[in-house]
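What follows is a single structure, written as structure tokens, with notes after it.
Letters A, B, ... are given to chains in the order of the sequence lines, protein chains preceding strands, and every chain is numbered from 1. The analysis underlying the following values was restricted to heavy atoms, covering all of them including side chains, and did not include hydrogens, waters or symmetry mates.
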Amino acid sequence: MDEKAVYTQKVKIAAQMLLFRRYRKVGVKGWELKKVLGKNYPRIVGMLNDELEKIGLKVKIFSEDGKEEKLSSSRLDKALFFIAPSGSLTLKEVEGSGWRIDDLAVLAVTIAYLNTKNGKAQRGEVERVLKKKLPVWRVNFNLDRFIRMGYLAEDKDGILQVGWRTLVEVDQKTLLELLLATEE
Amino acid sequence: MSRRKIRQDGKTSQETLLRLIALCEMVEKRGINPFEVEVAEALKTIRQMLLKWKSFEEFCLDAEAINRLSRVVKLQEEWVKHRSSTLYSDPELVKSKIEKLSKETLAKIFLKSWRPIISLEKVSAEKLKEALNYWVNLPAERFKLEATPIKPENLEEASKEELLRLKLLAEEEFMEILKNFWFELLDESGGEKISYWDFIYSESYEEFIVRAYLTSFLVSYGYADLELEAMENKIFLLPRKEPKKPSQKDSLSIAIPLNYKKWLELKGGRLKKGG
């Protein structure tokens, strides 16, 4: 097999690894990619990224502490790789995936509120803020659901904070800026 | 007398330390401004009290207080970092914005800052092969049932427990479906009572049956109450805002017959109404 064919094959494998979810886990760790694709896996991921960009997607890399990394980073092995849209989605698109306006509003309000409280707050406090906008049954259901999905984290004392998924999926700075700049 | 005084002082000092530990714990757990704790003052007090400690427990309490204070100092550092970062916004301003903006606007704002992880669920070729092998290697007796003609009267209704036992349904999945259905009832009824038949009716007969099945669980699990107006032959559903499991003592079983004829009757009634 010539070199080009080898790389093409590896790009396909990388795409499968990044797209297909295994059990409940999403994303792939750098060391997992290294094990399957070899030492130069960052190059293969780069090639996959070029292909994905053509269809509005991109490979995103986040370090263990929730910071976005580049392919040139020296700590890729422990980082999490996944595929995300390169642009923002429309309401219609997300509604097709089972998300409701209420779900998105709960997440927006919770993340923004937690930010004003230095990242953590009592669940009851967050619930009180949300209940002003949404029915009580939806507030509790959504908070529990977002904790299960990893967008929020709750400790045994009922303290809520943003979860790993918020760190990697949500640009919190943009969220706050837009929230403050939007007028109705 | 003086010994007693010293013992009393020790007790008061212990209480001071316990209060300090509780304050630090509260700051740590509730996300309160860590600068509410006067660290320098607290350290000075601890240093003064150190001379009074005699027992092992008292020294442990002293160490615990120092440990809690050090965590507060760490929180103060994080607090300053957050305030100086680009993520910091005036809390009151954010709260007033949250209150003013509609759900739709909040959702749209969120979408602009959200890049969700894309993932697909699949069955691998290996797992398919495994399943095929399992199927092929099943003993022939297992298929005898297939040869037996199934008579409709032999069919039995599968309960939720039966579906869970056969692993056709997952508990978590069922509860999620049920909760979504409850939300639908709340949305549709606006929290008021609604006609049972209007709520379970669907354009497809199959869905009509599924809705009736789920509604029976809504009532059994305390997400809604059933109200009967026997004189007028009407049935109403009254959604609860907080689910409450009905007690065995107060619960009643009500059989509501469902069949194709009833569905056709409801459909006909709707067509007439629609003109």
(message) Which atoms of E25(B) are under 4.5 Å from chain A, going by heavy atoms: the side chain, the backbone, both sets, or neither?
(response) neither
(message) So which residue, I117(B), I109(B), T105(B), N33(B), ends up with the most heavy-atom pairs under 4.5 Å with chain A?
(response) I117(B)
(message) If I compare all heavy atoms of A84(A) with all of R115(B), which pair ends up nearest, and what's the gap?
(response) CB-O, 3.8 Å
(message) Please determine whether the number of non-hydrogen atoms from other residues, nucleotides or ligands lying under 6.0 Å from atom NZ of K95(B) exceeds 12.
(response) yes
(request) Sort and list the pairs that fulfil side chain to side chain donor-acceptor pair (under 3.5 Å) and have at least one residue in residues 158-168 of chain A, not counting sequence neighbours. (result) R165(A)-E169(A)
(request) Could you check which of K117(A), K120(A), E93(A), R138(A) has the highest count of heavy-atom pairs closer than 4.5 Å to chain B? (result) R138(A)
(message) Looking at T174(A), is its backbone amide N or carbonyl O close enough to the side chain of K112(B) to form a donor-acceptor pair, meaning the two atoms are under 3.5 Å apart?
(response) no
(message) Please rank I111(A), L180(A), L91(A), D155(A) by heavy-atom pairs under 4.5 Å with chain B and give me the top one.
(response) L180(A)
(request) Select one option (side chain, backbone, both, neither) describing which atoms of L114(A) are under 4.5 Å from chain B's heavy atoms. (result) neither
(request) Please answer whether the main-chain N or O of I98(B) pairs with a side-chain N or O of K132(A) as donor and acceptor at a distance below 3.5 Å. (result) no
(message) I'd like to know which of I159(A), L57(A), N140(A), L134(A) tops the heavy-atom pair count under 4.5 Å against chain B.
(response) I159(A)
(request) Select all residues of residues 100-109 of chain A having any heavy atom within less than 4.5 Å of some heavy atom of chain B, and report them by number, or 'none'. (result) R100(A), I101(A), D102(A), L104(A), A105(A), L107(A), A108(A), V109(A)
(request) Using atom types as modelled and distance alone, determine if a side-chain donor or acceptor of K133(A) lies under 3.5 Å from a backbone N or O of S102(B). (result) no
(message) Can you confirm whether more than 12 heavy atoms, excluding those of E38(B), are under 6.0 Å from its CD atom?
(response) no
(request) Below 4.5 Å from any heavy atom of chain A, which atoms of E242(B) appear? Answer side chain, backbone, both or neither. (result) side chain
(message) Could you check whether any side-chain heavy atom of F110(B) comes within less than 4.5 Å of a side-chain heavy atom of L175(A), counting everything from C-beta outward?
(response) yes
(request) Identify which of L89(A), L178(A), V170(A), L179(A) forms the greatest number of heavy-atom pairs closer than 4.5 Å to chain B. (result) L179(A)
(request) Tell me, for K60(A) versus chain B, whether the close heavy atoms (under 4.5 Å) come from the side chain, the backbone, both or neither. (result) side chain
(request) Could you tell me which portion of E92(B) (side chain, backbone, both or neither) has an atom closer than 4.5 angstrom to a non-hydrogen atom of chain A? (result) neither
(message) Non-hydrogen contacts under 4.5 angstrom with chain A: give the residues of residues 180-201 of chain B involved, or none if there are none.
(response) N180(B), W182(B), F183(B), L186(B), D187(B)
(message) Counting C-beta onward and ignoring hydrogens, is there a side-chain heavy-atom pair between T182(A) and L101(B) closer than 4.5 Å?
(response) yes
(request) Examine whether an atom of K100(B) lies under 4.5 Å from a heavy atom of chain A, and if so say whether it belongs to the side chain, the backbone or both; otherwise answer neither. (result) backbone
(message) Quick check: under 4.5 Å, non-hydrogen atoms only, which of residues 122-130 of chain A neighbour chain B?
(response) Q122(A), V129(A)
(request) Go through A112(A), P85(A), S86(A) and name the one with the most non-hydrogen pairs under 4.5 angstrom from chain B. (result) P85(A)
(request) Could you tell me which portion of F81(A) (side chain, backbone, both or neither) has an atom closer than 4.5 angstrom to a non-hydrogen atom of chain B? (result) neither
(request) Hey, could you give me the CD1/NZ distance between I118(B) and K58(A), rounded to the nearest 0.5 Å? (result) 12.0 Å
(request) State whether the number of non-hydrogen atoms from other residues, nucleotides or ligands found under 6.0 Å of K244(B) atom NZ is greater than 12. (result) no
(request) Can you tell which part of K97(B) gets under 4.5 Å to a heavy atom of chain A, answering side chain, backbone, both or neither? (result) side chain
